[in-house]
Visitor: 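Take a look at the following structure, please.
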Amino acid sequence: MDTSDGAGLAARLLTDSPDCRSRHVLDRLGSRWSVLIILNLAAGTLRFTELRLRVRGITPKVLTTNLRDLERDGLIRREVFAEVPPRTEYTLTPLGESLITTYRAVQDWAEAHVDEVLANRESYDGAH
């Protein structure tokens, strides 16, 4: 199917079944926490506590779950050091690094349009 234009892409998305294999990946990549974790790791290796401080609003349990999921998908690497207390570091893999350009483009779009989106929300909420 030709997806070079918007209509082709829309048709492709509308015909995908819920068990489409790419949906499993899109669910992970579209997760609020995954985006924030990956963007923070773009700056380099971080320890669990550093990530928790940078990704504000995430609980330790949710961070742990998301880090395990990202590791399972091959987007980050976890390294545990046998020290007292134990030290664990997280780094993007080459696969994870390949997302940075895309995520930064979305981040740039969000920053460019945040005022418009917030104004639209306020207008919508006032009308409903």
Side-chain angles (χ1 to χ4, degrees):
M1 175 185 304
D2 178 19
T3 60
S4 59
D5 63 7
L9 178 59
R12 178 177 166 212
L13 292 175
L14 290 174
T15 60
D16 281 345
S17 66
D19 58 356
C20 175
R21 291 173 7 118
S22 64
R23 284 194 178 200
H24 301 287
V25 177
L26 291 171
D27 285 346
R28 175 84 61 241
L29 300 181
S31 157
R32 161 187 171 181
W33 300 122
S34 293
V35 172
L36 294 173
I37 291 167
I38 289 170
L39 283 173
N40 274 284
L41 287 174
T45 300
L46 293 171
R47 295 175 70 172
F48 182 89
T49 304
E50 293 170 320
L51 266 171
R52 190 168 54 86
L53 292 172
R54 289 178 182 217
V55 182
R56 294 189 180 147
I58 193 168
T59 65
K61 180 180 178 181
V62 171
L63 178 58
T64 297
T65 300
N66 277 269
L67 289 169
R68 285 183 184 155
D69 289 342
L70 291 168
E71 181 182 16
R72 179 176 179 235
D73 289 347
L75 300 172
I76 65 170
R77 186 181 76 245
R78 176 179 176 257
E79 189 171 1
V80 179
F81 297 88
E83 300 174 352
V84 177
R87 177 171 51 115
T88 306
E89 294 182 343
Y90 298 89
T91 307
L92 290 177
T93 64
L95 183 61
E97 288 175 353
S98 72
L99 288 167
I100 298 307
T101 301
T102 302
Y103 278 171
R104 286 207 171 122
V106 172
Q107 181 182 21
D108 290 345
W109 183 93
E111 290 171 359
H113 298 283
V114 66
D115 292 334
E116 184 179 357
V117 170
L118 294 177
N120 289 338
R121 283 183 187 176
E122 187 174 320
S123 175
Y124 179 91
D125 292 345
H128 293 91

Visitor: So which heavy atom on Ile100 is nearest to which on Ala42, and how close?
Guide: CD1-CB, 3.4 Å
Visitor: Where do Ser34 and Asn66 come nearest, in terms of heavy atoms and distance?
Guide: OG-OD1, 3.9 Å
Visitor: Could you grab the distance from atom CZ of Arg104 to atom CD of Glu111, nearest 0.5 Å is fine?
Guide: 11.0 Å
Visitor: Looking only at non-hydrogen atoms, find the nearest pair between Gly96 and Ile38 and report the distance.
Guide: O-CG2, 4.2 Å
Visitor: Please answer: with hydrophobic residues joined when any side-chain heavy atoms are less than 4.5 Å apart, are Leu41 and Val106 in the same cluster?
Guide: no
Visitor: To the closest 0.5 Å, what do you measure between CG (Leu51) and CG (Leu67)?
Guide: 6.0 Å
Visitor: I need the Thr65 OG1 to Leu70 CG distance, nearest 0.5 Å.
Guide: 11.0 Å
Visitor: Counting heavy atoms not belonging to Arg68, are there more than 12 under 6.0 Å from its CZ?
Guide: no
Visitor: Using 0.5 Å steps for rounding, measure from the OG1 atom of Thr91 to the CD atom of Glu79.
Guide: 7.0 Å
Visitor: Could you measure the distance from the CG atom of Leu95 to the CG atom of Asp73? Nearest 0.5 Å is fine.
Guide: 8.5 Å
Visitor: Look at the side-chain heavy atoms of Ile, Leu, Val, Met, Phe, Trp and Tyr, link any pair under 4.5 Å apart, and say whether Leu36 and Leu53 land in one connected group.
Guide: no
Visitor: Just by distance, do the side chain of Ser123 and the backbone of Ala119 share a donor-acceptor pair under 3.5 Å?
Guide: no
Visitor: So, for Ile37 and Leu63, which heavy atoms are closest and what is the spacing to 0.1 Å?
Guide: CD1-CD1, 3.7 Å
Visitor: With distance as the sole test, does Glu50 use its side chain to make a donor-acceptor pair with the main-chain N or O of Arg47 at under 3.5 Å?
Guide: yes
Visitor: Rounded at 0.5 Å granularity, tell me how far CH2 in Trp33 sits from CD1 in Ile58.
Guide: 5.0 Å
Visitor: Do Leu26 and Ile76 belong together in a cluster built from hydrophobic side chains that touch within less than 4.5 Å?
Guide: no
Visitor: Just to verify, what does Phe81 make a ring-ring contact (aromatic ring centres under 6.0 Å, His included) with, not counting sequence neighbours?
Guide: none
Visitor: Does Glu83 CD have over 12 foreign heavy atoms under 6.0 Å away?
Guide: yes
